[in-house]
Amino acid sequence: MKSPVRVTITGAAGHIGYALAFRVASGEMFGPDQPVILRLLEIPQALSSLNGVGMELEDCALPLLHDIVLTDDPAIGFREADYAILIGAKPRAKGMERSDLITENAKIFAAQGRAINDHASPDVRVLVVGNPANTNALIAAANAPDLDKRQFTAMTRLDHNRALGQLANKTNRLVADITRMTIWGNHSMTQYPDLGNCLVEGVPALELVTRDWAIDHFIPRIQRRGAEIIEARGLSSAASAADAVVDHVRDWALGTPEGDWVSMSVISDGSYGVAEGIVFSFPVTCAGGEYRIVQGLELDALSHSRLKKSEQELLGERAVVEDLLGR
Ligand code: NDP
């Protein structure tokens with residue numbers, strides 16, 4: 001029997017956390033032979049609800065779930081974590097500017113970065129979901145000076161999966177027939193879902209759909225999909241966000257399929273001319289628990305301008321939190 005993997009989930013009593021915890025505990029993230037220990041972290045006001053989540057997890061009698069820790073103390077929540085999934089964040093309140101939201105959440109993610117630095121496994125891998133996810137990941141990484149910034153990522157996998165779904169519908173193929181989809185940039189309206197390198201059953205996607213459809217329908221639909229779900233459901237996406245967390249961490253841990261890649265927001269190393277040091281979504285391959293940004297893709301002028309727009313937005317977000325980027 002393998003020794004258990006410790007997975008910390010923050011905001012675990014929230015909508016996404018509730019949809020996620022059971023899937024991690026049932027083996028969907030790390031496979032059917034990998035036991036897990038769940039360390040679920042919440043704010044004090046949500047502890048009662050978190051206890052309910054703990055009871056339901058117990059009641060599932062999941063053979064892979066070796067222990068559950070429920071806490072509001074980050075020192076306990078992040079203790080020896082192999083994976084930390086940071087979902088808990090303040091939602092945007094009425095009348096709040098985006099910069100206010102960034103500043104409010106920045107404090108949370110600075111504190112969590114410090115706690116991860118001090119209590120998690122030195123090899124911890126971190127996925128930030130709470131918005132603004134890319135900048136929150138940057139702040140957490142900056143506040144964890146003993147860790148490599150490559151250990152911190154943010155989630156653009158839901159955008160990636162949404163793009164697969166829309167293209168599969170349009171081309172009347174299965175999502176499994178599609179490879180090399182890419183989301184570039186920030187997890188925001190400036191993200192750039194790019195069909196330029198995408199293949200459908202090995203055929204370039206742009207030979208199967210028109211450029212006009214890609215620009216006028218596909219890109220804005222992916223950018224606005226979150227709002228579309230809120231309008232339909234009256235609540236933001238939760239199950240699909242949890243599903244994307246499972247995909248992101250599973251691929252990072254266990255590897256991406258040969259010949260394909262996934263989209264992950266990672267610390268920029270300057271690839272494709274993107275400013276170094278911001279957390280930006282790139283196409284990546286994963287193997288042996290490490291990711292590598294796919295190199296050498298051709299980008300046309302339109303793509304370059306879209307990447308620049310998202311880069312500029314992230315540089316602007318970084319400027320808002322400048323004073324929290326050090327311990
Ligand atoms: P959700 O579980 O629905 O969402 C949590 C975060 O994920 C939000 O920031 C949300 O952003 C973000 N998110 C990122 N991608 C997506 C996506 N594709 N779809 C939907 N959300 C996305 O929020 P809840 O309010 O239900 O739960 C949050 C929990 O976090 C609560 O239980 C609360 O107690 C806890 N919390 C913990 C904190 C801490 O640990 N210090 C601080 C604050 C809250 P967006 O708002 O843009 O939808």
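Remember, it's 1-based here, ligands and their atoms both numbered in the order they're listed. Small disclaimer: the values here were computed from a predicted structure and weren't measured.
Residue-ligand proximity, Gly11 to ligand 1, at heavy-atom distances under 4.0 Å covers atoms 29 (C), 30 (O), 35 (C). Interface of Ile108 with ligand 1, defined as ligand atoms under 4.0 Å from a residue heavy atom, comprises 41 (N), 42 (C). Taking every heavy atom of Ala46 and a limit of under 4.0 angstrom, the matching atoms of ligand 1 come to 34 (O). Annotation for ligand 1: atoms under 4.0 Å from non-hydrogen atoms of Ile43 are 34 (O), 37 (C), 38 (C), 39 (C), 41 (N), 42 (C). Heavy-atom contacts of His187 reach the following atoms of ligand 1: 15 (N) (cutoff under 4.0 Å).
Neither the backbone nor the side chain of Gln45 comes within contact range of ligand 1; no heavy atom lies under 4.0 Å. With a heavy-atom cut-off of 4.0 Å, Ile16 touches ligand 1 through backbone and side chain alike. Heavy atoms from both the backbone and the side chain of Val129 come within less than 4.0 Å of ligand 1.
Ranking protein heavy atoms by distance to atom 40 (O) of ligand 1, first place goes to Gln112 NE2, 3.4 Å. Nearest protein heavy-atom neighbour of atom 48 (O) of ligand 1: Ser236 OG, 4.2 Å. For atom 5 (C) of ligand 1, the closest heavy atom belonging to the protein is Ile87 O, 3.4 Å. Distance from atom 27 (O) of ligand 1 to its nearest protein heavy atom, with residue and atom name: Gly14 CA, 3.1 Å. With respect to atom 35 (C) of ligand 1, the closest heavy atom belonging to the protein is Glu42 OE1, 3.3 Å.
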Audit row: Trp184, Phe280, ring-ring contact (aromatic ring centres under 6.0 Å, His included) steps and yes/no: CA-CA 7 Å; Trp184 302 91; Phe280 193 92; 7.1 Å; no
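Judged by the 6.0 Å distance and 45° axis criteria, Arg6 is not positioned over the aromatic ring of Tyr83.
No option in Asp177, Ile178, Thr179 other than Thr179 meets the side chain to side chain contact (heavy atoms under 4.5 Å, CB included) test with Leu199.
Taking 4.0 Å as the cut-off between side-chain N and carboxylate O, Arg23 and Asp243 count as a salt-bridged pair. The pair Arg114-Asp146 fails the salt-bridge criterion, with no side-chain N (NZ, NE, NH1 or NH2) lying under 4.0 Å from an Asp/Glu carboxylate O. Using a cutoff of 4.0 Å between basic side-chain nitrogens and carboxylate oxygens, Glu228 and Arg162 are not scored as salt-bridged. The pair Asp33-Lys2 meets the salt-bridge criterion, since a charged nitrogen lies less than 4.0 angstrom from a carboxylate oxygen.
Using a 4.0 Å heavy-atom cutoff, Ala13 is listed among the residues neighbouring ligand 1. Heavy atoms of Met155 come nearer than 4.0 angstrom to ligand 1 in no pair at all.
Side chains of Gln191 and Ser281: no donor on one and acceptor on the other come within 3.5 Å. Judged by distance alone, the side chains of Thr210 and Asp212 never bring a donor and an acceptor atom under 3.5 Å apart. Of the N and O atoms on the side chains of Glu298 and Asn197, not one donor lies less than 3.5 Å from an acceptor on the other residue.
Taking a distance limit of 4.0 Å, we find that atom 25 (O) of ligand 1 is approached by no protein heavy atom.
With distances taken over non-hydrogen atoms, the option nearest atom 44 (C) of ligand 1 out of Pro132, Ala89, Ser237, Gly130 is Ala89. The residue among Pro91, Ala111, Ala19, Ala12 with a heavy atom at the shortest distance from atom 46 (O) of ligand 1 is Pro91. Taking each of Leu235, Ile230, Asn131 in turn, the one with a heavy atom nearest to atom 11 (O) of ligand 1 proves to be Asn131. Relative to atom 30 (O) of ligand 1, the option among Ala133, Gly88, Pro74 with the closest non-hydrogen atom is Gly88.
In terms of polar-atom proximity, defined here as any N/O pair under 3.5 Å, Ala241 makes no such contact with ligand 1. Where the criterion is an N or O separation shorter than 3.5 Å, residue side chain and backbone included, His15 meets it with respect to ligand 1.
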